Amino acid sequence: MTSATSDLPTLSLDPFAEEFLADPFAHHGALRDAGSVVWLGKYGVYAMARFDEVQAALRDHETFCSSRGVGLADFSKEEPFRAPSLLLETDPPLHSQTRKLMGRIVSLKALKELRPQWQEKAQELVSSLVQKRRFDAATDLAEVFPMMVFPDTIGLMDEGREKLIEYATIVFNGFGPRNRVFEQSLIGKEDAIAWVEEACKRENLKPGGWGMAVYDAVDEAGMPSDYAPRLVRSFLTAGVDTTVNGIGHLMLALGKYPQEFAKLRADPKLATRAFEESLRWDSTVQTFFRTTSCDVEVDGTTIPEGSKVLLFLASANRDPRKWDDPDEFQIERPAGGHVGFGFGIHQCLGQMVARLEGELIAAEFARQARSIELAGEPVRRLNNTLWAISSLPVKVVGK
Ligand code: OVM
C-alpha cells in the first residue's frame with residue numbers, strides 16, 4: 001500500500017484555467033489515465049476523474065462529506081462566501097431533514113400537475129422558433145424555456161427575474177478559486193445577490209408556489225424559521241442555469257448528430273432518452289468537491305482527513321472504462337447510470353424538473369421539425385463549475 005502524496009500521479013494541469021474551462025473534455029483523458037487518484041499541485045487537492053471512483057466517492061457521503069463545502073474552500077478553515085446551502089452543503093442528520101422536506105414539495109404528483117401547462121408552453125415556443133427557421137438555441141430557447149416555467153412554479157416575484165442566471169453564474173463560479181472567471185462574473189452583478197435575498201422572503205413569494213410551500217413546511221416541521229429563505233434560495237440557485245445549459249447541450253447534440261435526431265423524429269417517445277444521453281455526453285455540472293472526514297484509502301492511495309477531493313462528474317460520464325464510444329451521442333444507449341445529476345444522497349433534488357423540461361423540448365422538436373442544423377460555432381461561457389453555452393446558432397426546417 002502506498003500512502004505518501006509523493007507517490008501519487010501529480011498533474012500540473014489547472015482545471016480552473018481558462019484554457020481548460022474552454023474545452024474540459026480535451027483534458028479529461030489525461031486526468032483519467034494518470035491514475036484513479038491524482039494530485040493537483042496548484043491547488044493542493046486530490047482529484048478523481050474515472051467513473052468508478054467518482055461514483056464510489058459520491059456513494060460514501062460519510063467519508064466524502066459536503067458540510068465543509070463542495071467547492072475549493074474548506075468551510076472549517078474559511079468563511080463561506082454565502083450562508084451554506086442547507087441541502088448541498090450539509091451532511092446527515094440535517095441533510096436528511098431538509099432533503100425530505102424539499103422532496104415532498106418537488107414530488108411526482110406536483111410534476112404530473114405541471115406537465116400539461118409546461119407542454120403547452122414548450123409547444124408554443126418551439127412552434128414560433130421553427131417558424132423563424134434560424135434562431136439562437138442558447139438565447140432564444142435554452143435561456144427562455146426554463147424562465148417560462150420555473151419562476152412561476154416557485155411563485156417568484158415578477159420584477160428582476162433576469163437576475164436568476166447572473167446569481168447562479170456567480171455561485172457556480174464560487175465553487176472554484178477566486179480567479180478571473182469568478183471575479184468577472186461579479187463585476188456589476190452584485191445586485192443579483194441582493195435581489196435573490198429579497199426574492200426568497202415570505203412576503204415576496206406568491207401563494208400556491210413551491211417557495212411558499214417551503215415556508216409552510218418549515219413551520220410545520222418546527223424548524224428554525226431562517227431555514228425557509230435559505231431552502232427557497234436552493235431552488236433559485238440550482239433551478240435555472242443548470243436546465244438552461246442542459247437544454248442548450250441537448251440542442252447542440254441534436255444538431256451535431258442528425259442521424260440521432262432522425263431516430264428521435266421517428267419515435268418522439270425517445271425524447272426522455274435523448275435528454276438523458278445529452279446529460280451524459282455534455283454534462284452541465286462538470287465538477288464538485290468533497291472533503292474527507294477521515295483518512296481513506298482509494299485504490300492503494302491514502303487520502304488524509306481534511307483533504308479536498310475534486311470529482312469530475314463530466315469526465316466520469318465519458319470514461320471509456322465505463323462507456324462504449326463515450327464521446328459519441330447515441331440516444332438509444334442506456335445512459336441512465338450517468339452521474340451528471342450526482343449520485344447518492346445528494347443526487348439532484350430537481351432532476352425530475354430538469355428531465356421534464358428537457359423531454360418536452362426534445363419531443364416538440366421531434367414532432368415539429370424535419371431537421372436541426374448547426375449554423376455557426378457554439379460560443380462558450382466560461383464558468384468554474386458549469387459547462388455553459390452563450391450562443392448556439394441553428395437552422396431548423398419544419399415539417
Ligand atoms: C443550493 C445549490 C446551489 C448550487 C447547486 C446546487 C447543483 C444546489 O443552493 O442548494 O445543486
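Both ligands and their constituent atoms are indexed starting at 1 by order of listing. Only heavy atoms go into these numbers, but all of them, side chains included; no hydrogens, no water, no symmetry mates. Position 1 is the first residue of the sequence; numbering continues from there. The structure displayed is predicted, hence computed values, not measured ones.
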Could you pull out the N/O contacts under 3.5 angstrom between ligand 1 and the surrounding protein atoms?
{"from": "ligand 1", "atom 1": "9 (O)", "to": "R82", "atom 2": "NH2", "distance (Å)": "2.9"}
{"from": "ligand 1", "atom 1": "9 (O)", "to": "S234", "atom 2": "OG", "distance (Å)": "3.4"}
{"from": "ligand 1", "atom 1": "10 (O)", "to": "S85", "atom 2": "OG", "distance (Å)": "2.6"}
{"from": "ligand 1", "atom 1": "10 (O)", "to": "S234", "atom 2": "OG", "distance (Å)": "2.6"}

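A ring-centre distance under 6.0 Å is not found for F261 and F365. Two rings, from H61 and H95, have their centers 6.0 Å or more apart. Residues W387 and F172 keep their aromatic ring centres 6.0 Å or farther apart. In this structure, Y167 has its ring center no closer than 6.0 Å to that of W195.
Screening residues 86-96 for salt bridge (charged side-chain N to carboxylate O under 4.0 Å, His left out), with sequence neighbours left out, gives no hits.
Here the side chain of E166 pairs no donor or acceptor atom with the backbone of K189 at under 3.5 angstrom.
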